[in-house]
**Q** 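The structure's right below; bear with me while I get my questions together.
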2 protein chains.
Amino acid sequence: MPPFVQRRPLTSLTADALLADIREGKWRLGQRLPGEATLAAQLGVGRSTLREAIRELAGKGVLDSRQGAGVFVIATDVTEDWDAVLRRASVGSVIEARMAIETEAAALAAERRTPADLRTINRALGARRWCDRDATDIAEHVDADMVFHRAVIVAAHNDVLAELFDSFVPRVRKAMVDMLRIRPLDSPEDDHTAHALLATAIADRDPAAAAEASRTHLTDLKRQFT
Amino acid sequence: MPPFVQRRPLTSLTADALLADIREGKWRLGQRLPGEATLAAQLGVGRSTLREAIRELAGKGVLDSRQGAGVFVIATDVTEDWDAVLRRASVGSVIEARMAIETEAAALAAERRTPADLRTINRALGARRWCDRDATDIAEHVDADMVFHRAVIVAAHNDVLAELFDSFVPRVRKAMVDMLRIRPLDSPEDDHTAHALLATAIADRDPAAAAEASRTHLTDLKRQFT
DNA sequence: CCACCCCAACACCTCAGACAAGCGGATGGG
DNA sequence: CCCATCCGCTTGTCTGAGGTGTTGGGGTGG
């Protein structure tokens with residue numbers, strides 16, 4: 001019997017069916033799915049179609065297929081959209097989270113920074129200062145600031161912290177641009193000094209000072225937002 | 001660290017190659033990609049392989065293919081699946097990130113905790129102790145531990161930190177269960193004392209002590225994993 | 001009895017080819 | 001100028017074949 005008319009590709013429908021089965025616990029977390037041939041026959045689709053459906057779920061992080069072993073469930077649900085959380089949260093909450101990440105990263109960076117990391121940080125610091133004095137575009141200021149902070153995070157050599165920071169960038173960037181448009185920094189010179197202090201602490205391999213410098217800077221930042 | 005180059009399915013490599021091309025702007029947002037046959041020839045892979053790579057990127061929300069029309073770029077960057085990052089990251093990195101979040105949250109909790117928060121924390125602490133002494137299932141121990149730590153995070157009254165912690169739970173939970181199965185805690189009593197110390201610091205509204213207690217506990221934890 | 005090695009069955013991976021289904025521009029009639 | 005139709009190109013789906021990696025069981029030596 002030919003299938004009913006369907007506007008959506010069979011691949012997509014198959015992926016939905018599989019996800020529904022996984023959600024209702026037909027196959028548990030970490031468990032192996034039936035073989036391609038078996039599953040394709042059960043669902044009444046061709047092997048290619050099933051394979052593409054599996055790929056789609058693999059892209060979503062639900063399935064993982066290992067050659068020779070089988071296809072395994074690695075998540076029972078699609079993860080919540082992280083951007084949505086950040087949009088919903090207040091600026092204060094985001095800065096607090098940023099403080100948690102950046103102070104820790106600053107301390108780690110002081111311990112782990114390589115000469116190359118140091119060069120990147122100092123170059124970013126220089127660009128940042130140049131922007132402070134000459135550039136007129138506020139967005140450019142903020143971007144230069146982000147580049148510097150990201151260089152610090154990278155020097156910590158921790159992928160999780162780096163990824164967290166990257167998630168925060170768009171939200172923080174927008175908030176900072178909006179704020180600076182309304183009320184510019186009281187003292188650009190002090191702002192630069194705070195950043196230079198952080199860079200120096202990292203160069204000196206002084207974790208405590210680096211964390212301290214990062215914390216005071218972000219505390220000031222938060223005060224401006226409230 | 002795992003080997004830098006490891007045998008990966010051609011499908012996955014192809015998906016990465018496409019994503020790299022998109023990121024560097026070879027094809028712009030909303031633009032149509034070359035036809036499957038053309039692209040497959042260019043990349044030197046079979047059409048099925050290319051199709052599965054496209055399907056994988058479609059699952060990530062980067063590409064969208066419409067029958068008869070072509071394949072289109074619908075996002076130039078992939079909001080990296082958070083779970084995927086945590087799976088790929090080392091346990092050490094995850095614990096370091098956890099340290100960043102929990103020490104900050106502990107300090108905030110000490111300032112903001114309500115009487116209700118305190119009750120929840122103490123109840124979780126009690127359940128945790130009970131598990132230490134009577135329960136036999138390792139997973140039950142770990143779950144009780146997670147409940148306690150989550151109660152602390154909730155007391156910080158910061159949605160972003162709470163959401164971050166929740167993202168970490170599955171990964172950390174699995175790692176802890178695996179580890180405890182191989183090598184149980186040296187001293188369950190000391191472990192309980194460390195947690196009780198944290199609860200007391202929060203009750204006393206002492207941010208520095210709370211952060212300190214949280215940090216020492218997680219440092220010990222990290223030591224066991226390395 | 002245990003530890004180790006070997007191998008065959010099984011699983012996914014990759015390719016090639018064929019035909020169906022759908023979109024979009026070109027075409028030609030009104 | 002408008003619109004219905006046609007045709008070329010694109011993706012969708014299926015099938016069959018051969019390749020590669022994993023796993024677990026049986027045989028062997030200690």
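Chain letters run A, B, ... following the sequence lines, proteins first, then strands; residues in each count from 1. Note: hydrogens, waters and symmetry copies are ignored here, and every other heavy atom, side chains too, is used.
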**Q** Between A/Arg55 and B/Arg55 (side chain of the first, backbone of the second, donor and acceptor by atom type, cut-off under 3.5 Å), is there such a pair?
**A** no

**Q** Does a side-chain N or O from A/Thr49 land closer than 4.0 Å to OP1 or OP2 of D/dC14, or not?
**A** yes

**Q** Knowing that exactly one of B/Leu57, B/Val45, B/Leu39 qualifies, which makes a side-chain contact (heavy atoms from CB on, under 4.5 Å) with B/Thr14?
**A** B/Val45

**Q** Nearest whole Å is fine: how far is C/dA20 P from A/Leu10 CG?
**A** 17 Å

**Q** Mind checking salt bridge (Lys or Arg N to Asp or Glu O under 4.0 Å) for A/Asp117 and listing every partner two or more places apart, or none if nothing turns up?
**A** none

**Q** Base contacts versus sugar-phosphate-only contacts with protein, heavy atoms under 4.0 Å: please encode nucleotides 15-22 of chain D as B, S and - from 5' to 3'.
**A** BBB-BBBB

**Q** Only counting residues at least two apart or in another chain, list the ones meeting salt bridge (Lys or Arg N to Asp or Glu O under 4.0 Å) with A/Asp159.
**A** none

**Q** Five pairs at each end of the helix from C/dC1-D/dG30 to C/dG30-D/dC1: take the axis at both ends and give me the angle between them to 10°.
**A** 10°

**Q** Could you state the CD1-P distance from A/Ile54 to C/dT14, rounded to the nearest angstrom?
**A** 14 Å

**Q** Tell me which residues in residues 31-43 of chain A lie within less than 4.0 Å of DNA chain D, going by non-hydrogen atoms.
**A** none

**Q** Atom CG of B/Leu13 to atom C1' of C/dC13: distance rounded to whole Å?
**A** 12 Å

**Q** Do A/Phe165 and A/Arg98 have side-chain heavy atoms sitting under 4.5 Å apart?
**A** yes

**Q** Using whole Å, report how far CG of B/Asp64 lies from C1' of C/dC23.
**A** 14 Å

**Q** What is the distance from CG of B/Leu63 to P of D/dT10, rounded to the nearest Å?
**A** 17 Å

**Q** Sequence neighbours excluded, which residues qualify as salt bridge (Lys or Arg N to Asp or Glu O under 4.0 Å) partners of B/Asp16?
**A** B/Arg8

**Q** Assess whether a salt bridge exists between B/Arg129 and B/Glu189, defined as any Lys/Arg side-chain N lying under 4.0 Å from an Asp/Glu carboxylate O.
**A** yes

**Q** Within 45° of the axis and under 6.0 Å from the centre of the six-membered ring of B/Phe72, does NZ or CZ of B/Arg66 qualify?
**A** yes

**Q** Shortest non-hydrogen contact from B/Ala106 to B/Val152?
**A** CA-CG1, 4.2 Å

**Q** Could you give the CZ-to-C1' distance, from B/Arg8 to C/dC12, as a whole number of Å?
**A** 16 Å

**Q** Kindly assign one of parallel, tilted or perpendicular to the pair B/His195 and B/Phe148, based on the angle between their ring planes and the thresholds 30° and 60°.
**A** perpendicular

**Q** Nearest whole Å is fine: how far is D/dT10 P from B/Leu50 CG?
**A** 13 Å

**Q** Rounded to the Å, how far apart are A/Arg55 CZ and D/dG12 C1'?
**A** 18 Å

**Q** Please give me the minimum heavy-atom distance between A/Glu102 and A/Ile153, naming the atom from each residue.
**A** CG-CD1, 4.0 Å

**Q** Do any side-chain nitrogens or oxygens of A/Ser65 fall under 4.0 Å of OP1 or OP2 in C/dC13?
**A** yes

